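Nothing here was measured: the structure is a model prediction, and the numbers come from that model.
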Amino acid sequence: MKYRHFKNAIESEYKKPLKDLMYEVCVVKNLNAVEGSKKIGIAKEVFVYWRHFYRLEARQRLFDQTINELNKSFFNATNEKKISEC
């Protein structure tokens, strides 16, 4: 089976988008690859692929959060500079 076949089967079984299901398993329940794959009922390699694809690994989430915070601080600093110039 290909990843899209697994995706269609999982989405029809759980009646929710794969991204939401993976978020629930990886972030909310904080399950590792073995436990998460058993919970969903798929191969561990497929679970790891999807976790990486949806950026739900702990390091990826931390990196994304850091980038968002940097962007917000840069945006705020740019807006403050424009306001003070007026």
Report task. State, yes or no, whether a side-chain contact exists between Lys72 and Glu69 at a heavy-atom distance under 4.5 Å. Result -> no

Query - Donor-acceptor contact below 3.5 Å, side chain Asp20 vs main chain Lys16 - result: no

**Report entry** Min side-chain heavy-atom separation Pro17-Tyr23 under 4.5 Å
**Finding:** no

Query - Transitive ILVMFWY side-chain link Val48 to Phe63, under 4.5 Å - result: no

**Report entry** In one Ile/Leu/Val/Met/Phe/Trp/Tyr side-chain cluster, 4.5 Å: Phe53, Leu31
**Finding:** yes

Query raised in the report: Any side-chain heavy atom of Ile42 sitting closer than 4.5 Å to one from Trp50?
Result: yes

Query raised in the report: Are the side chain of Arg51 and the backbone N or O of Leu56 linked by a donor-acceptor pair below 3.5 Å?
Result: no

Report task. Any chance you could measure Ser37, atom OG, to Glu45, atom CD, to the nearest 0.5 Å? Result -> 8.5 Å

Query - Lys15 side chain to Ser12 backbone, donor-acceptor under 3.5 Å - result: yes

Query raised in the report: Would a hydrophobic clustering, with Ile, Leu, Val, Met, Phe, Trp and Tyr connected at side-chain separations under 4.5 Å, put Ile10 with Tyr54?
Result: yes

Report task. Answer yes or no: is there a side-chain heavy-atom contact under 4.5 Å between Glu57 and His52? Result -> yes

Report task. Working to the nearest 0.5 Å, report the span between NZ of Lys44 and CG of Asn32. Result -> 9.0 Å

Report summary line: Scanning both residues in full, the closest heavy-atom pair of Met22 with Ile40 reads SD-CD1, 3.9 Å

Report summary line: So NZ of Lys38 and CZ of Phe47: to nearest 0.5 Å the spacing works out to 12.5 Å

Query raised in the report: Is there a path of hydrophobic side-chain contacts, each under 4.5 Å between heavy atoms of I, L, V, M, F, W or Y residues, that connects Val34 with Val27?
Result: no

**Report entry** side-chain contact (heavy atoms from CB on, under 4.5 Å) between Lys2 and Lys7, worked out
**Finding:** CA-CA 9 Å; Lys2 296 189 179 194; Lys7 179 181 178 191; over 6 Å; no

Query raised in the report: More than 12 foreign heavy atoms under 6.0 Å from OH of Tyr14: is that the case here?
Result: yes

